[in-house]
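First, the structure itself, so that you have it in front of you.
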Amino acid sequence: MDHQHLAPIGRTAAGALLAIGFLAAGSADALPLHPCLEAGASCSLREIATAAGVRIGAAAQPANLSEPLYAETLAREFNSITAENQMKWPEIHPAEANYDFAPADALVAFAQANDMTMRGHTLLWANPLRIPAWVSAAPDAETLRAWLENHIETVVTRYAGTVDSWDVINEPLQNFSSDLYDNVFLDLLGEDYIAEAFHIAHAADPTAELFLNEVLVEEPNARFDAFYDLVAGLVADGVPIHGVGLQGHIVAGIIQPGGIGLREVIEAFADLGLVVEITEFDVTMSANGPAALEIQAGIYAELLSACLDLAACRGITFWGFTDAHTWINGTFGPGRVPLPFDEEYLPKPAYDAARQALLGRLAAVPELNGLALAAMIAFAVAAGARRRR
Ligand code: XIL
């Protein structure tokens, strides 16, 4: 990720200062730790993630930004935002000649004012129920292709510079099946519609990282195999795909992949040369109360550290951040408390678990900690000497 504030601190002036501190200390006993790793430090999720060079994000709704605690918590704890709905095709492009950018623009303005980056979600949600009726009524392949080009070019170009990664296609597979969604794009353009969408997005913003985002593929199973084959096929065909998004909508005890399975999935994509992000994490509980919150924290710890322990994992985005505003209330009913902050914006045990997982990633950043720092300094000193000669 080349967005400046997500760069590992070791490549920044602060990193150079740490390196100088290390040289001055001069002994392995005095290896500097990042301040967030020191005992008693109280860094936010954002401070830790930014220092470690990873994304920590939340889906947000522009209507909530007027709530002071919502806006303060979002800006303090996260370095990235996803528009929960406002960049989806039906919302941003409701009719052929009509784009409605204002709600998405409000989130972009908030992100820019607070030096945050954004994930773009999503250029095309493949579920036919999520495709506007006017698009589904396309008369022929030529027209549909022109609409797809216009849509992707217009949206990607508008948000270039703030959106660093796009979910080009969301949910290519039918829920609970291994088949592609049957939609107007499959009907008129064939399976190639997926590759075409990536090519159009890449041409519109060559610096954006392009993702295929999917649900229910967080552990090896038949659905994962189908998704993997789809992704591997795109890579083999030279399609500009850079990453895979694992949504991560967990339902405790029911849809609950384990850390070991998640690692296998991430490593499989890493072996294809791709990065992985968890893009919509939430953990739905069937009860609220101290015991449930501890179980939830355990699930957060297991899955978030499984991701963050692997270099190919580039970050985590929660689908919301406060139990006061979560789509789960509308889907499963209230009281399922899936997010790291409670309804009063107080951090829950799940928050502490996410924080520990991020601290684990920070501790593993070689430029900041351990002997790799000494090797880096020796290399830099030698390079400097060579330049002076
Ligand atoms: C959800 C939003 O959270 C809801 O507000 C909306 O009514 C429906 O969409 N997977 C996705 C997201 O990829 O886009 C969905 O977001 C949640 C499931």
Side-chain angles (χ1 to χ4, degrees), residues 55 57-65 67 70 74 78 80-94 100 103-104 106-107 118-133 135 151 155 159 163 165-177 180-181 183 185 194 197 201 210-218 223-224 227 230-231 243-252 254-257 276-284 303 315-334 336-341 343:
R55 181 192 313 277
Q61 298 267 16
N64 299 333
L65 293 174
E67 225 184 284
Y70 184 95
L74 182 60
F78 301 97
S80 173
I81 296 177
T82 304
E84 186 164 345
N85 291 306
Q86 295 72 20
M87 291 186 185
K88 293 170 180 169
W89 194 324
E91 280 79 1
I92 206 166
H93 189 185
D100 182 7
L107 286 168
M118 289 189 77
R119 295 196 86 257
H121 179 83
T122 170
L123 296 171
L124 175 56
W125 190 346
N127 182 338
L129 299 175
R130 307 296 184 173
I131 296 173
V135 178
H151 175 74
V155 176
Y159 298 119
V163 168
S165 307
W166 278 101
D167 291 335
V168 176
I169 308 283
N170 186 39
E171 299 184 0
L173 301 180
Q174 298 177 27
N175 279 355
F176 305 107
S177 151
L180 290 176
Y181 265 118
N183 61 30
F185 292 95
I194 296 176
L210 303 183
F211 282 66
L212 197 61
N213 198 48
E214 190 50 282
V215 66
L216 300 169
V217 289
E218 291 88 358
R223 209 176 127 77
F224 162 74
F227 183 59
L230 175 61
V231 172
V244 161
L246 307 173
Q247 290 187 5
H249 291 295
I250 311 302
V251 182
I254 298 171
I255 300 173
Q256 190 186 329
V276 175
E277 295 192 23
I278 296 181
T279 53
E280 307 185 14
F281 195 72
D282 50 19
V283 178
T284 294
L303 295 177
I316 311 287
T317 293
F318 301 104
W319 207 243
F321 58 96
T322 161
D323 291 334
H325 299 292
T326 159
W327 75 299
I328 296 297
N329 286 342
T331 306
F332 293 108
R336 308 302 166 124
V337 294
L339 292 165
F341 288 89
E343 295 192 5

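Because the structure is a prediction, the values reported are computed rather than measured. All heavy atoms count here, side chains included; hydrogens, waters and symmetry mates do not. In each ligand, atom 1 is the first atom listed, and ligand 1 is the first ligand listed.
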#### Entry: Check: Gln61 main-chain N/O paired with Tyr70 side-chain donor or acceptor under 3.5 Å
yes
#### Entry: side-chain contact (heavy atoms from CB on, under 4.5 Å) against Pro334, all qualifying residues, sequence neighbours excluded
Asn329
### Query
Who's touching ligand 1 if we go heavy atoms under 4.0 Å?
Glu84, Asn85, Lys88, His121, Trp125, Arg130, Asn170, Glu171, Gln247, His249, Glu280, Trp319, Trp327
### Query
Are the aromatic ring centres of Trp319 and His325 under 6.0 angstrom apart?
no
### Message
Under the rule for salt bridge (charged side-chain N to carboxylate O under 4.0 Å, His left out), what residues qualify as partners of Asp282, not counting sequence neighbours?
### Response
none
### Message
So, using ring-ring contact (aromatic ring centres under 6.0 Å, His included) as the criterion, who are the partners of Tyr181 when residues are at least two apart?
### Response
none
### Task
Check whether any side-chain heavy atom of Leu212 lies under 4.5 Å from a side-chain heavy atom of Val231, and answer yes or no.
yes
